[in-house]
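Here is the structure we will look at, set down as structure tokens.
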Amino acid sequence: MEVYIPSFRYEESELERGYTVFKIEVLMSGRKHFVEKRYSEFHALHKKLKKFIRTPEIPSKHVRNWVPKVLEQRRQGLELYLQTVILENEELPKIFLDFLNIRHVPTLPKAESCGSFDETESEESSKLSHQPVLLFLRDPYVLPKAKDDFPNVVIEGILHGIFYPHLLPR
């Protein structure tokens, strides 16, 4: 899992004072999604995480929200915070995963999933986690007969390959 905070923006609100929203980019299992969080949400996460794991320092709560240089430092600090939580914890708490809107976590431990291609993999870790699926919209055995005299070579070939792979084709 990789986490970055590429940008932030200032949000105006009629109900309260304006605030900064940080855009979090989450890369996991080849998929990317974005989550937007305010600093107060980071701070609340930090308070909850401290009960379960050893947490890194979080950037200061009291800064001048309107100074771009200060906001950029806060963005970098929050990005480092998220990355450090991921690096220093073998198993990530559900609170952290919920914060990043992650619902499914791969079952492989972090150490195995981050290995290089040059390393020899164990037979267990190289197995597929899913089975290939072949889908027919209708049962091919009950398809209506074609009006022409030619057989449906594609369906016959697929059925032959699935059910009779050891037999030679006609």
Side-chain angles (χ1 to χ4, degrees), residues 1-138 158 162:
M1 176 189 326
E2 296 176 44
V3 177
Y4 304 98
I5 301 178
S7 62
F8 58 87
R9 62 183 165 73
Y10 190 75
E11 188 76 25
E12 296 283 343
S13 173
E14 293 178 13
L15 301 175
E16 58 184 321
R17 221 173 39 185
Y19 54 88
T20 304
V21 177
F22 296 90
K23 184 176 185 177
I24 306 167
E25 178 181 330
V26 181
L27 298 162
M28 185 166 177
S29 303
R31 294 179 179 217
K32 179 192 328 186
H33 71 271
F34 294 94
V35 182
E36 290 189 338
K37 300 287 184 180
R38 295 173 63 170
Y39 177 83
S40 59
E41 294 172 281
F42 278 94
H43 194 262
L45 171 72
H46 179 69
K47 288 171 74 173
K48 291 176 188 174
L49 282 178
K50 284 188 345 185
K51 297 175 185 175
F52 300 105
I53 61 172
R54 192 169 60 88
T55 59
E57 289 294 316
I58 190 163
S60 174
K61 186 174 184 173
H62 304 288
V63 296
R64 295 180 187 162
N65 281 349
W66 61 90
V67 180
K69 185 177 178 182
V70 173
L71 287 173
E72 176 58 22
Q73 289 174 340
R74 179 178 263 188
R75 182 202 66 76
Q76 291 172 358
L78 292 172
E79 181 177 83
L80 182 63
Y81 175 82
L82 294 175
Q83 292 171 348
T84 305
V85 168
I86 292 168
L87 282 173
E88 292 185 354
N89 294 283
E90 191 64 34
E91 288 191 30
L92 298 168
K94 185 177 182 331
I95 300 164
F96 185 77
L97 298 173
D98 289 345
F99 180 81
L100 297 175
N101 286 352
I102 296 173
R103 287 167 181 58
H104 178 267
V105 181
T107 55
L108 289 176
K110 212 167 25 170
E112 280 186 45
S113 63
C114 294
S116 70
F117 289 113
D118 298 334
E119 298 170 2
T120 56
E121 293 184 26
S122 68
E123 187 179 340
E124 188 74 326
S125 67
S126 64
K127 288 182 182 175
L128 287 176
S129 62
H130 65 282
Q131 294 296 319
V133 175
L134 181 63
L135 172 69
F136 289 100
L137 296 177
R138 293 189 194 146
I158 291 171
I162 292 172

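Index from 1, following the sequence.
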Subject >> Backbone of V3 reached by a side-chain donor or acceptor of Q83 within 3.5 Å >> reply: yes

**OP:** For T20 and L71, work out which heavy atoms get closest and say how close.
**Re:** OG1-CD2, 3.6 Å

Subject >> 4.5 Å side-chain heavy-atom contact, I58 and L78 >> reply: yes

Original post:
If you measure from CD on E36 to OG on S7, what distance do you get to the nearest 0.5 Å?
Top reply: 7.5 Å

**OP:** Could you list the residues that satisfy side chain to side chain donor-acceptor pair (under 3.5 Å) with Q73, not counting sequence neighbours?
**Re:** none

Original post:
Is a side-chain N or O of E79 found less than 3.5 angstrom from the main chain of I5, in a donor-acceptor match?
Top reply: yes

Listing, residues 41-54 side-chain donor-acceptor contacts under 3.5 Å, not counting sequence neighbours, or none:
residue: E41; atom: OE1; partner: R38; partner atom: N; Å: 2.7
residue: H46; atom: ND1; partner: Y81; partner atom: OH; Å: 2.8

Subject >> R9, CZ: over 12 other non-hydrogen atoms inside 6.0 angstrom >> reply: yes

**OP:** Give the C-alpha distance, both sets of side-chain angles, the deciding distance and a yes or no for side chain to side chain contact (heavy atoms under 4.5 Å, CB included) between F96 and I102.
**Re:** CA-CA 9 Å; F96 185 77; I102 296 173; over 6 Å; no

Subject >> Test item: T84 and E57 side chains (from C-beta on) under 4.5 Å apart, heavy atoms >> reply: no

Original post:
Under the side chain to side chain contact (heavy atoms under 4.5 Å, CB included) criterion, do E2 and I86 qualify, and how do the steps go?
Top reply: CA-CA 8 Å; E2 296 176 44; I86 292 168; over 6 Å; no

**OP:** With the side chain counted from C-beta on, respond yes when I24 and F99 share a heavy-atom pair under 4.5 Å apart, and no when they do not.
**Re:** yes

Original post:
So, do K37 and F22 sit near enough that their side-chain heavy atoms are less than 4.5 Å apart?
Top reply: no

Original post:
Would you say the side-chain atoms of R74 pair up with the backbone N or O of S60, donor to acceptor, closer than 3.5 Å?
Top reply: yes

**OP:** Taking the side chain as every heavy atom from C-beta outward, state whether M1 and L92 have any atom pair closer than 4.5 Å.
**Re:** yes

Original post:
Can you name the residues that form a side chain to side chain donor-acceptor pair (under 3.5 Å) with D98, not counting sequence neighbours?
Top reply: K94

**OP:** Give a yes or no answer on whether the side chain of Y39 reaches the backbone of P59 with a donor-acceptor pair at less than 3.5 Å.
**Re:** yes

Original post:
Passes salt bridge (charged side-chain N to carboxylate O under 4.0 Å, His left out), R75 versus E72? Steps please.
Top reply: CA-CA 5 Å; R75 182 202 66 76; E72 176 58 22; 2.7 Å; yes

